[in-house]
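No experiment lies behind these values; they were computed from the predicted model shown.
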Amino acid sequence: YDAKHRRDTVVVYTPESDHNTPERLSLLGDLRRALDPDLVSPAAGEITMYYQPQIEIQTGAVVGVEALLRWRHAKRGMVDPEELIKVAEQSAVMRLLTRRVVDDVVEQLAKWQAAGVHLRAAVNVSIRDLHTLEIVDQIKERLARFEVAPEQLQLEITEGALMADPRRVLATISELAKLGVAIALDDFGTGYSSMQHLRRLPLTEVKVDRSFVLGMATDADDHAIVRTVIDLAGALGLRVVAEGVEDERTWRLLRGVGCHVAQGWFYARPMPAEELVDWLGRYRPLNPS
Ligand code: C2E
Ligand code: MG
Ligand code: MG
Ligand code: MG
């Protein structure tokens, strides 16, 4: 028993086990300070949203933007969002962070609207955000307060979120969909991709992970994967967004396989809200047809 018990427990690695390193704790503490509206703490730095355009491939029309978090830490400089989310997800700070992101993005949509710019914005949410219905109420309130239509907001979820607690997550997503908020499945093809997710969730869109898109022009397998996701999604009535489109060749390949929407450095990098308006003014569709 003893040997088996030890074999079963000793080597178990949990995210909690590196959760308390001084490095992570100090990052979390700074993040908490940066998110506290009542606390002026220059040392924690500033959290802002950047926006990356999403372009309909056939028409060249800008159909929306994805909101991406940026945290400029006073001492560390720009913190890698992926790293930041990994740390935040293990604590209650994640909810505060998402609350801030949703608040900022809805307010920004209202500002653009007032300036005559009609866009849809996608917000990334994490596992923890979907475990309760709290986010539904928050989004409802915020949209009403700023007179933004639910259809202008989209949430991007990853399949990891679905694995953690499928029933509760499904309940939250269903409420959001009922409200009229669009739901995209992000990073599709990585992790635990399952046909069940595509079938059971009230999705409007699937985002092909950029690892496949980046390889499309040079790797036949990546090309085949992207093409297959597009066919599958098309058959299920879902729109496909390719992320990580870095060059014209990839854009042409995507157009060739009937991909609906593209996002990537080829068009534009994520940028601050004010720059986006200038960018839209300068933007000319490539080969519309
Ligand atoms: P994601 O949602 O899959 O976002 C796409 C990532 O690809 C972004 O990285 C974006 O800047 C990057 N990207 C866009 N175009 C290109 C391209 O052409 N080439 C390459 N190589 N990369 C491109 P970013 O901004 O560093 O964000 C990384 C991840 O962090 C996101 O992946 C998302 O999972 C997470 N994240 C970012 N902002 C938020 C947020 O507000 N909330 C949550 N929960 N997660 C966020
Ligand atoms: Mg995303
Ligand atoms: Mg993605
Ligand atoms: Mg990602």
Side-chain angles (χ1 to χ4, degrees), residues 35 49 51 54 63-69 81 85 88-113 118-188 190-207 209 232-233 236-241 243 260-261:
L35 285 168
M49 300 310 295
Y51 296 88
Q54 301 179 318
V63 291
V65 290
E66 178 176 8
L68 295 155
L69 185 75
I85 297 297
E89 261 178 348
Q90 293 166 31
S91 99
V93 176
M94 192 62 233
R95 293 253 191 88
L96 294 177
L97 186 60
T98 301
R99 182 165 267 280
R100 164 68 171 273
V101 169
V102 168
D103 282 355
D104 277 13
V105 171
V106 172
E107 189 173 349
Q108 188 57 57
L109 280 170
K111 280 186 193 158
W112 280 329
Q113 208 160 271
H118 299 280
L119 285 172
R120 198 196 59 182
V123 166
N124 294 280
V125 294
S126 300
I127 310 175
R128 273 187 174 254
D129 303 318
L130 302 171
H131 279 176
T132 72
L133 294 173
E134 194 186 303
I135 191 170
V136 182
D137 294 331
Q138 186 216 341
I139 287 177
K140 223 189 274 182
E141 262 169 47
R142 198 71 180 170
L143 290 173
R145 177 159 161 214
F146 283 89
E147 297 180 7
V148 171
E151 290 73 23
Q152 278 180 265
L153 190 66
Q154 179 170 55
L155 296 190
E156 298 192 1
I157 58 170
T158 57
E159 290 167 301
L162 300 165
M163 303 306 292
D165 193 342
R167 275 204 309 175
R168 283 207 287 177
V169 169
L170 183 58
T172 306
I173 293 172
S174 302
E175 285 303 312
L176 290 164
K178 264 190 245 161
L179 204 65
V181 172
I183 312 285
L185 192 55
D186 203 354
D187 301 347
F188 188 72
T190 63
Y192 309 92
S193 300
S194 151
M195 299 305 142
Q196 293 281 6
H197 296 154
L198 293 183
R199 223 164 56 85
R200 277 214 220 129
L201 294 166
L203 299 173
T204 40
E205 185 176 290
V206 171
K207 299 189 79 175
D209 192 68
L232 175 64
L236 297 171
L238 300 170
R239 202 162 77 137
V240 177
V241 179
E243 53 182 18
H260 309 111
V261 177

Table please: side-chain donor-acceptor pairs of residues 173-180 below 3.5 Å, with sequence neighbours left out.
{"residue": "Ser174", "atom": "OG", "partner": "Leu170", "partner atom": "O", "Å": "2.7"}
{"residue": "Glu175", "atom": "OE2", "partner": "Lys178", "partner atom": "NZ", "Å": "2.9"}

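Val148 and Leu109 get closest at one heavy-atom pair: CG1-CD1, 4.0 Å. Heavy-atom minimum distance, Ala149 versus Leu143: O-CD2, 4.3 Å. Of all non-hydrogen atoms in Ala184 and Lys207, the two that sit nearest each other are CB-CG, 4.5 Å. Contact between Glu205 and Leu238 at its shortest, heavy atoms only, is N-CD2, 4.1 Å. Residues Ser126 and Met94 approach most closely at OG-CE, 3.3 Å, considering heavy atoms. Summarising the geometry of Tyr51 relative to Ala67, their closest heavy-atom pair is CE2-CB, 3.7 Å, with the distance given to 0.1 Å.
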Assess whether side chain to side chain contact (heavy atoms under 4.5 Å, CB included) is satisfied between Glu159 and Leu185, documenting all intermediate values. CA-CA 7 Å; Glu159 290 167 301; Leu185 192 55; 3.6 Å; yes
For Leu201 and Ile183: C-alpha separation, side-chain torsions, deciding distance, then whether side chain to side chain contact (heavy atoms under 4.5 Å, CB included) applies. CA-CA 9 Å; Leu201 294 166; Ile183 312 285; over 6 Å; no
(request) Evaluate the criterion side chain to side chain contact (heavy atoms under 4.5 Å, CB included) for residue pair Met49 and Val123; output intermediate values, then yes/no. (result) CA-CA 10 Å; Met49 300 310 295; Val123 166; over 6 Å; no
**OP:** Quick one: do Gln138 and Ile135 satisfy side chain to side chain contact (heavy atoms under 4.5 Å, CB included)? Show the steps, please.
**Re:** CA-CA 5 Å; Gln138 186 216 341; Ile135 191 170; 4.3 Å; yes
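Side-chain contact check for Ile85 versus Leu69: some heavy-atom pair is nearer than 4.5 Å. Using a 4.5 Å heavy-atom threshold, the side chains of Thr204 and Arg239 count as separate. Between Gln54 and Glu66, the closest side-chain pair of non-hydrogen atoms falls below 4.5 Å. Under the 4.5 Å side-chain criterion, counting only non-hydrogen atoms from C-beta, Leu232 is in contact with Met195. Counting only heavy atoms from C-beta outward, the side chains of Glu107 and Arg145 never approach each other to under 4.5 Å. Between Leu68 and Pro81 there is no side-chain heavy-atom pair separated by less than 4.5 Å. Within the 4.5 Å cutoff, no side-chain heavy atoms of Val240 are placed close to those of Val261. Val125 is not listed as a side-chain neighbour of Glu156, based on a closest heavy-atom distance of 4.5 Å or more.
In this model, a donor atom of one side chain and an acceptor atom of the other lie less than 3.5 Å apart for Gln152 and Gln113. In the model, Thr98 has a side-chain atom that pairs as donor or acceptor with a side-chain atom of Asp129 under 3.5 Å.
Here the CG-CZ distance, from Leu35 to Arg95, works out to 14.5 Å after rounding to the nearest 0.5 Å. Here the CZ-CZ distance, from Arg142 to Arg99, works out to 9.5 Å after rounding to the nearest 0.5 Å.
Within 6.0 Å of CD in Glu151 there are more than 12 heavy atoms belonging to other residues, nucleotides or ligands.
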